[in-house]
Amino acid sequence: MKSMSNVDIYTISNELNKLLNGARVDKSFQPTKDIVVMRFHVPGTGRVDLVMQCGSRIHTSQYPLENPTTPPTFPMLLRKRIKGAHVESIKQHNFDRVVEIKVKKDKYYTIIVELFDKGNIILLDDENNIILPLKRKQWSHRDISSKKEYIFPEERGINPIDVSEEEFNELIKNGDRDVVRTLAMNGLGSLYAEEIIKRANETIGIEKNTPTSELNQDQINGLYTSLKNLFDNLKNEEIKPQIVKKDSKEDVVALDLVKYEEFEKTYYDNFNEACDEFYSKKVNTSIKDVKEAAWNKKVNKFEKRLRLQQETLENFKKTIEESQHKGEVIYSNYPSIENIINVVNSARSKDYSFKEIGKTLKKAKNDGMAEAQIYESIDKMGVLTLDIDGTKINIDPKLTIPENAEKYYEKSKKAKRKIKGALIAIENTEKQLEDIKAKKDIAMEHIAVPKKRVKKNLKWYEKLRWFISSDNILVIGGRDANSNESIVKKYLEPNDIYLHADIHGATSTAIKLNGNELNDNILKESGEFAASFSSAWSMGFTSQDVFWVHPDQVSKTPESGEFLAKGSFVIRGHRNYIRGARVKLAIGIVDYEGKRIMAGPIEALEAHSENYVVLKPGFTKKEAIAKKIINKINEDDLLTLDDIIRVLPSGKCDIDEEYHQRKKYEKY
């Protein structure tokens, strides 16, 4: 896959600096071993994901990558050190393939993104010391390890944005290669080296393979003019981000290039968007290969198990057939076998060893004695091996002939009994193999067609916590201190009802009665909503007391000498309590001003949705539970994982399987 050139990085860095300057750093993720995603909150824009791939690319992305359930060490450190920090600047270092992202929290931190060779991503402290690199590396002049001072790679090449004519002349005249290599190896890369020569050729003839020592001054001047005309477009921010394509050749560039004038072009509003479209699908293809290999390993495990089980079944069938045949051979050769047993037992009574007996029987066989012709061998325990018409059987002289035959018949019966278990095991493995292949197909389809995250136009209440009661009354709640403040100051009207869980850390909840009568049902459902979106959930409570009051009892004015934090209010007068409100929620798609996802009390979802999932406080992380939920309720591909995660309560969850089992039986 194409790595970003110095020119690409210059353009991307400028765009990122404008877009993310002042943005707040949110979580970081590591979808693959060399890709790190940093999430930012940009005022007025919202969530922005920045994808950084070692040695390859850096750009914003609308294509979410699947993240591991357990975050690796590096993104966890980024979360610990810089989550909540604000971006100070993003810039390219010396027109090299290195990007510096400077953020400020308690102090300054710098994230270095190296895009040359195999690349790296490195977190530095305010003294330029390495806190942690994504990959530890060491050279004679650079040591990328924790607690070492970060040293930038050696500066090389020119900066075409502001290179002077004298510097360019010196570069060409001191070159010892041909023109195209000299330009390419001085920071321009082969694409822009050839582009400069092509543009220069419009006014003065220059062969790209001409040694620089053979160029005259007019040709050098022509190259410099061509370079300045090309890169002045970047300097003046007159870019035309585009993906170009012709046959199997495809590229992403920030400028109109003569080299690509015959190519089909798709233009974009900015270079980040163009890079996102160009790289994300290619990366998903490579991720698909990795994922497919992992799935194939799982499939192969079951295929191998099935193969072994089928071989075992065939061995049982073979054992049954052979053992029955050997039992029959013993009975059909009763006299011959009895003669040999008598010889052995007679010799043993005279204190002959089994070894001596074996030698005697072997000699008798060699001498042509008819009774000894079936003899094969005798072991140190006295067990005879006989060969009767090509069938080898073991005979214990201490047992009677019927007892010896019964041993084979019993072996046949035992194998018959095991066949039933083997068939059940094969059936189970075949079902598991079918299931894992189906899961693989679904997973491959999801990876092969990455879904672009499109920012949705949310209704005003969707920016808050909300649900529609079974009586069709809207109930809203705050998501954080700011929205708790808005619930009271902006949305709470004189005829509404205010609720709050009787615990520190809870949503401010408002029942929007809009002329409807207050009743026990709406209070019960709203109480469960307020209880569930409180710290009672993360503490694992099953119930929580909730109080309700009228709007005129809610005040932002504290008592004398007291202070109220943002999102906090004073309640004056009598409080009405809903005791033991259930801490449990349901999530599903409802049709309320169009189809949308809703999280609320179970009764509300039962009334408005045919397909929903009931949740209780538990032990599963949000991302993992969201994947389970989306597989159960996603109609017409309406939802994304982010939609699910957005409406989940704070804290871990589990699906209430007992509820769903009970509902399943009630249908029958």
Side-chain angles (χ1 to χ4, degrees), residues 1-11 55-57 92 94-98 115-119 153-235 238-265 271 275 278 282:
M1 184 174 67
K2 165 193 165 172
S3 295
M4 279 187 164
S5 68
N6 302 41
V7 177
D8 296 337
I9 294 166
Y10 174 87
T11 312
S56 179
R57 61 184 178 130
Q92 179 185 31
N94 287 341
F95 203 75
D96 203 348
R97 287 191 288 165
V98 179
L115 298 165
F116 54 86
D117 296 332
K118 293 185 179 179
E154 184 180 351
E155 188 175 344
R156 54 187 176 180
I158 59 171
N159 184 341
I161 307 299
D162 54 20
V163 63
S164 68
E165 191 167 0
E166 291 73 24
E167 290 171 328
F168 186 78
N169 271 291
E170 187 178 347
L171 170 73
I172 298 298
K173 289 176 179 177
N174 292 336
D176 57 358
R177 294 180 175 85
D178 55 33
V179 185
V180 71
R181 290 186 187 181
T182 299
L183 293 174
M185 295 179 70
N186 278 278
L188 295 173
S190 60
L191 174 65
Y192 289 96
E194 290 190 16
E195 179 68 17
I196 289 166
I197 295 169
K198 276 183 175 293
R199 292 184 176 217
N201 269 322
E202 293 175 0
T203 56
I204 188 167
I206 302 174
E207 277 291 327
K208 69 178 185 179
N209 296 322
T210 304
T212 54
S213 58
E214 295 180 12
L215 293 177
N216 59 45
Q217 191 58 49
D218 287 342
Q219 290 174 317
I220 296 173
N221 292 342
L223 287 171
Y224 180 72
T225 301
S226 173
L227 178 145
K228 291 302 290 178
N229 289 341
L230 176 64
F231 288 106
D232 277 351
N233 291 316
L234 285 184
K235 188 174 184 179
E238 295 172 355
I239 64 170
K240 292 184 178 179
Q242 58 195 268
I243 292 177
V244 297
K245 190 171 184 180
K246 184 179 181 182
D247 301 325
S248 60
K249 170 77 173 175
E250 190 177 22
D251 201 356
V252 59
V253 289
L255 300 167
D256 276 328
L257 301 181
V258 174
K259 182 178 174 65
Y260 291 146
E261 62 184 355
E262 300 297 325
F263 281 57
E264 176 189 339
K265 299 177 182 179
F271 196 46
C275 289
F278 178 79
K282 294 181 185 298

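Each residue takes its place number in the sequence, starting with 1.
Heavy-atom minimum distance, Leu234 versus Ala254: CD2-CB, 4.5 Å. Listed here is the closest heavy atom pair of Cys275 and Val252: N-CG2, 4.1 Å. Heavy-atom minimum distance, Gly222 versus Ile204: CA-CG2, 4.3 Å. Here the shortest heavy-atom pairing between Ser226 and Ile196 reads OG-O, 2.8 Å. When all heavy atoms are compared, the tightest approach of Lys265 to Tyr260 is CE-O, 3.3 Å. The two atoms that bring Gln92 and Asn6 nearest to each other are NE2-O, 3.0 Å, heavy atoms only.
Within 6.0 Å of NZ on Lys240 lie no more than 12 heavy atoms contributed by other residues, nucleotides or ligands. Within 6.0 Å of CD on Glu250 lie more than 12 heavy atoms contributed by other residues, nucleotides or ligands.
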Pair Glu194, Lys208 - check salt bridge (Lys or Arg N to Asp or Glu O under 4.0 Å), show working.
CA-CA 7 Å; Glu194 290 190 16; Lys208 69 178 185 179; 3.5 Å; yes
Please report the C-alpha distance between Leu230 and Glu195 in whole Å, then the side-chain angles of each, then the deciding distance to 0.1 Å, and finally whether the side chain to side chain contact (heavy atoms under 4.5 Å, CB included) criterion is met.
CA-CA 9 Å; Leu230 176 64; Glu195 179 68 17; 4.0 Å; yes
Give the C-alpha distance, both sets of side-chain angles, the deciding distance and a yes or no for side chain to side chain contact (heavy atoms under 4.5 Å, CB included) between Glu202 and Val258.
CA-CA 10 Å; Glu202 293 175 0; Val258 174; 3.9 Å; yes
Apply side chain to side chain contact (heavy atoms under 4.5 Å, CB included) to residues Leu255 and Ile239 and explain how you reach the verdict.
CA-CA 5 Å; Leu255 300 167; Ile239 64 170; 4.3 Å; yes
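Taken from NZ in Lys246 to CD in Glu261, the straight-line distance is 9.5 Å, to the nearest 0.5 Å. One finds the CG atom of Asp232 at 8.5 Å from the CD atom of Glu238 (value rounded to the nearest 0.5 Å). How far OG of Ser5 is from CZ of Arg97: 8.5 Å, rounded to the nearest 0.5 Å. Rounding to the nearest 0.5 Å gives a distance of 9.5 Å between CG of Asp96 and CG of Leu115. Here Met4 contributes atom CE and Ile9 contributes atom CD1; the two are 7.0 Å apart, rounded to the nearest 0.5 Å.
The aromatic rings of Phe231 and Tyr192 sit tilted relative to each other, their planes meeting at an angle between 30° and 60°.
Between the side chains of Gln217 and Asn221, a donor-acceptor pair is found at a separation under 3.5 Å. No donor-acceptor contact under 3.5 angstrom links the side chains of Thr11 and Asp8, judged on distance only.
With sequence neighbours left out, the salt bridge (charged side-chain N to carboxylate O under 4.0 Å, His left out) criterion links Lys173 to no other residue.
At least one donor-acceptor pair closer than 3.5 Å links the side chain of Gln219 to the backbone N or O of Asn216.
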Distance-only criterion, 3.5 Å: show the donor-acceptor pairs between side-chain atoms of residues 157-166 and protein atoms not counting sequence neighbours.
unit_1: Asn159; atom_1: OD1; unit_2: Ile161; atom_2: N; d: 3.0
unit_1: Ser164; atom_1: OG; unit_2: Glu167; atom_2: N; d: 3.2
unit_1: Ser164; atom_1: OG; unit_2: Glu167; atom_2: OE1; d: 3.3

Can you give me every donor-acceptor pair (side chain of residues 178-191, partner residue at least two apart or in another chain, under 3.5 Å) with its distance?
unit_1: Asp178; atom_1: OD1; unit_2: Arg181; atom_2: N; d: 3.0
unit_1: Thr182; atom_1: OG1; unit_2: Asp178; atom_2: O; d: 2.8
unit_1: Asn186; atom_1: ND2; unit_2: Thr182; atom_2: O; d: 2.6

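Each of Leu223, Ile172, Leu171 was evaluated against Thr212; a single residue qualifies, Ile172, per the side chain to side chain contact (heavy atoms under 4.5 Å, CB included) test. No option in Lys245, Lys2, Gln242 other than Lys2 meets the side chain to side chain donor-acceptor pair (under 3.5 Å) test with Asp251.
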